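Computed from a predicted model, the values in this text were never measured in an experiment. Every chain is numbered from 1, with letters handed out A, B, ... down the list of sequences.
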Number of protein chains: 2
Amino acid sequence: MSALPIAAVERDTGIPKDTLRVWERRYAFPQPVRDDKGERLYPAEQVEKLRLLRRLLDQGHRPGSIVAAPTEALAALLEPAGERGREPADPGIAALIDLVRLHRSAELRATLQQHLVKLGLQRFVSELVAPLSRAIGEAWLHGEIGVAEEHLFTEHVQNLLRSSISSLGTGSRSPRILMTTLPGEEHILGLLMVEAMLAPEGVQCISLGAQTPLADIAQAARDGQFDIVAVSFSAAFPARQAFRGIEQLRDALPASIALWAGGAALHGKRKRIDKVQQIAQLDDLLDALTDWRKAN
Amino acid sequence: MSALPIAAVERDTGIPKDTLRVWERRYAFPQPVRDDKGERLYPAEQVEKLRLLRRLLDQGHRPGSIVAAPTEALAALLEPAGERGREPADPGIAALIDLVRLHRSAELRATLQQHLVKLGLQRFVSELVAPLSRAIGEAWLHGEIGVAEEHLFTEHVQNLLRSSISSLGTGSRSPRILMTTLPGEEHILGLLMVEAMLAPEGVQCISLGAQTPLADIAQAARDGQFDIVAVSFSAAFPARQAFRGIEQLRDALPASIALWAGGAALHGKRKRIDKVQQIAQLDDLLDALTDWRKAN
DNA sequence: CTCATTGTTTGTCCTGGACAAAGTGTTGAC
DNA sequence: GTCAACACTTTGTCCAGGACAAACAATGAG
């Protein structure tokens, strides 16, 4: 557990091998030990710093100014965002985060269930789950919770959303929507939130889960006579790759099928793509749906 | 859609860039075109052959004898396995596969639901879902269904299993089991099947979903006072990597916490690891559970 | 301030070499 | 004939160091 080979570091941090080597050459960090074969072995604390760097890059920092900096200076860089962006957290959300942090599975589930019943599915998603996931993401960004806790949270919410959606039964009205994520995007919580917003409106939502290759999406959309294809991107997904993927998918789809794209990766970027409906917020989904139904 | 850069081919086929280049050097295949910057562009039909090669490798063929061979010869190689291994398929399973192939979502769901009610959760999993997933995997291997259809099937089964498990409520008896997959393994159907087998026995199952880093698993297992950690591996996961991961996880866990490992990746390999309970079949889970309860 | 131009940073790709681990085949003992 | 030990071959992954276009920042003109 003390030192990892380069392939493991790539998997754990999401930083490609090539980039790890070029950083070492240019910025003198990381500086892995070498084993008897001369291969790189990254000590745990350097991997930790690499994870931190990844977060900072996602926040918009540039490698030249942070890779070589000492770890303490980097930790400080995370703070401003914390102070600036952190609203006086909703007490309900703070309580839920505590449950996650303390591994109180049973209570977490019960509390979520309670909110769900009180708010109804759509408001539960847009008013609680969405800000809560953002808060969890931030807490992870600041090292306040671990990966396991984040996974635990995601699982519970997924279970809740899936069973709510299931109990609604298959929608019967148009449009028919095919939902999935592109290759490289494994997070499906966003997708489920979309489904939870739309299913109560009688929409026929079919999800393919994560990472469907472009060609297969297009094929399935035609075969299944769908009206709309919806894809979602988490904050962790590189924005450029997202836009490239959306453009390619738009080209692969017949003009008669609409393409909806949303998620944290697209926020803040003002880039627009022709003939693609970009969804900035969950609530916008309902407007987009109304528009579509008017037009068809 | 006509030619893909090397990074896209890696994503689509699962074959690493390094391997693609070394195959080109050694076996004169693939032979990508070069763009004006001198970078490789893989024509669609070569990518198709690469996908086929990937399937054959998973079946146990070796690169030296298949990479250079013409596509037609390779297609023929897939047949024998089909003829030899294919039992006179269970009519129920064949009917379900047809529903998947034809994108009959509503009927698929209804039929599955029907089987579930008839068989009960545990038999539904061990007698229907397990052989069905194997059959789906084979159908994909032989190109009879696409990625989208496979995803569709997985989603439906997941929804069904998750809501059944949810409706059981949290178990109250010991042991407490923490379930997840290791980094690189994104398939969680196996995990859900395990949970579905154990939850009716009153076991407290907590799932972290896919790809939890080793260190976080160990941490969470200690923090949550779990008795057992269970990990699963799909057929697509490379066996060597699985064994290495299991060994590392065993070392990271305190001796008081048991480690259970199972899944298609471990089948056929007779390798045993000390102090790890290897689960060959789903039914063995119940025996393992009985053993654990006797011993504790 | 807005837009176009120039300079810098940065990720990804390239070549060709190396080597250990996994796999295959052979030999010899029982 | 079966099994274990050995040598040989195959194969994936790593390495170094160079190159370049796309993204980004800085500068200057209208």
Can you tell me which nucleotide in [options] comes closest to the side chain of [X]?
X       : options                : answer
A:Asp18 : D:dT11, C:dA21, C:dC14 : C:dC14
A:Arg34 : C:dC14, D:dC15, D:dT11 : D:dC15
B:Ile6  : D:dT13, C:dC13, C:dG11 : C:dC13
B:Arg21 : C:dT15, D:dT11, C:dA21 : C:dT15
B:Thr19 : D:dC15, D:dG12, C:dC13 : D:dG12

Take the protein atom [atom1] of [X] and the nucleotide atom [atom2] of [N], then report the distance between them rounded to whole Å.
X        : N      : atom1 : atom2 : value
A:Leu20  : D:dT13 : CG    : P     : 16 Å
A:Glu39  : C:dC19 : CD    : C1'   : 8 Å
B:Glu24  : D:dG12 : CD    : C1'   : 16 Å
B:Leu4   : C:dT12 : CG    : P     : 17 Å
B:Asp36  : D:dA19 : CG    : C1'   : 14 Å
A:Gln241 : D:dA23 : CD    : P     : 13 Å
B:Leu53  : D:dG12 : CG    : C1'   : 15 Å
A:Leu57  : C:dT12 : CG    : P     : 11 Å

Touch class at under 4.0 angstrom, heavy-atom based, for B:Pro16 against every strand present: sugar-phosphate

Distance-minimising heavy-atom pair for B:Pro30 and B:Leu20: CD-O, 4.2 Å

Could you tell me whether the phosphate oxygens of [N], OP1 or OP2, come under 4.0 Å of any side-chain nitrogen or oxygen in [X]?
X       : N      : value
B:Trp23 : D:dG12 : yes
B:Arg40 : C:dC13 : no
A:Tyr27 : C:dT9  : no
B:Lys17 : C:dC13 : yes

[X] versus [Y]: any side-chain heavy-atom pair under 4.5 Å?
X        : Y        : result
A:Ile6   : A:Glu39  : no
A:Met179 : A:Val231 : no
A:Val22  : A:Tyr27  : no

Residue mapping more 5' on DNA chain C - nearest nucleotide basis, A:Arg26 or B:Arg25: A:Arg26

Whichever of A:Lys37 and A:Arg62 has its nearest DNA chain C nucleotide further upstream toward 5': A:Arg62

A:Val22 or A:Ala8, whichever maps to the more 5' nucleotide of DNA chain D: A:Ala8

A:His151 and A:Glu149: side chain donor to acceptor below 3.5 Å: no

With A:Asp58, the side-chain hydrogen bond (donor to acceptor under 3.5 Å, both in side chains) member among A:Arg54, A:Arg55, A:His61: A:Arg54

